Amino acid sequence: MSTSAVTERISQEIPARSVNKSCYQADQEVKLLHLQAEVDCLLQELQNLKMQRQSSTSAV
């Protein structure tokens, strides 16, 4: 996920979370959303590596 995609996701989620009366302060909320986006990116990378490994193993 690119930086612009992360920023877009954060800007979309903050208003939605504000409606739910977040228990976090705004700066903590932004940090949390950045961490969630980073986890999503890492999970996607892991899944991609897993698929690459499977395809290279099946090709042999």
Side-chain angles (χ1 to χ4, degrees):
M1 185 176 283
S2 68
T3 304
S4 61
V6 170
T7 304
E8 182 179 332
R9 178 178 168 187
I10 289 170
S11 65
Q12 290 172 352
E13 288 189 18
I14 287 177
R17 289 176 181 261
S18 297
V19 171
N20 295 333
K21 300 287 184 194
S22 175
C23 60
Y24 299 107
Q25 292 179 0
D27 61 332
Q28 293 173 327
E29 185 81 10
V30 170
K31 288 178 186 178
L32 175 63
L33 291 172
H34 273 285
L35 288 172
Q36 287 177 333
E38 188 174 348
V39 167
D40 289 343
C41 289
L42 291 171
L43 181 59
Q44 185 64 47
E45 279 185 52
L46 183 60
Q47 291 171 340
N48 290 342
L49 289 170
K50 200 174 190 180
M51 287 187 347
Q52 286 176 359
R53 183 176 287 165
Q54 287 174 348
S55 64
S56 67
T57 303
S58 63
V60 173

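Computed from a prediction, not measured in an experiment: that's the story for all the values here. We count residues from 1, following the sequence as given.
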- request: Applying side-chain hydrogen bond (donor to acceptor under 3.5 Å, both in side chains), name anything that partners Q28, two or more places apart in sequence or on another chain.
  value: none
task: Starting at CD of E38, measure out to NZ of K31 and round the result to the nearest 0.5 Å.
output: 14.0 Å
task: Indicate whether the side chain of D40 and that of Q36 have a donor and an acceptor atom separated by less than 3.5 Å.
output: no
- request: Output the distance between atom NZ (K50) and atom CD (Q54), rounded to the nearest 0.5 Å.
  value: 6.5 Å
- prompt: Taking only residues two or more places apart in sequence, or in another chain, which ones meet D27 in a side-chain hydrogen bond (donor to acceptor under 3.5 Å, both in side chains)?
  reply: none
field: Gap between atom CD of Q52 and atom OG1 of T57 - 0.5 Å precision
entry: 11.0 Å
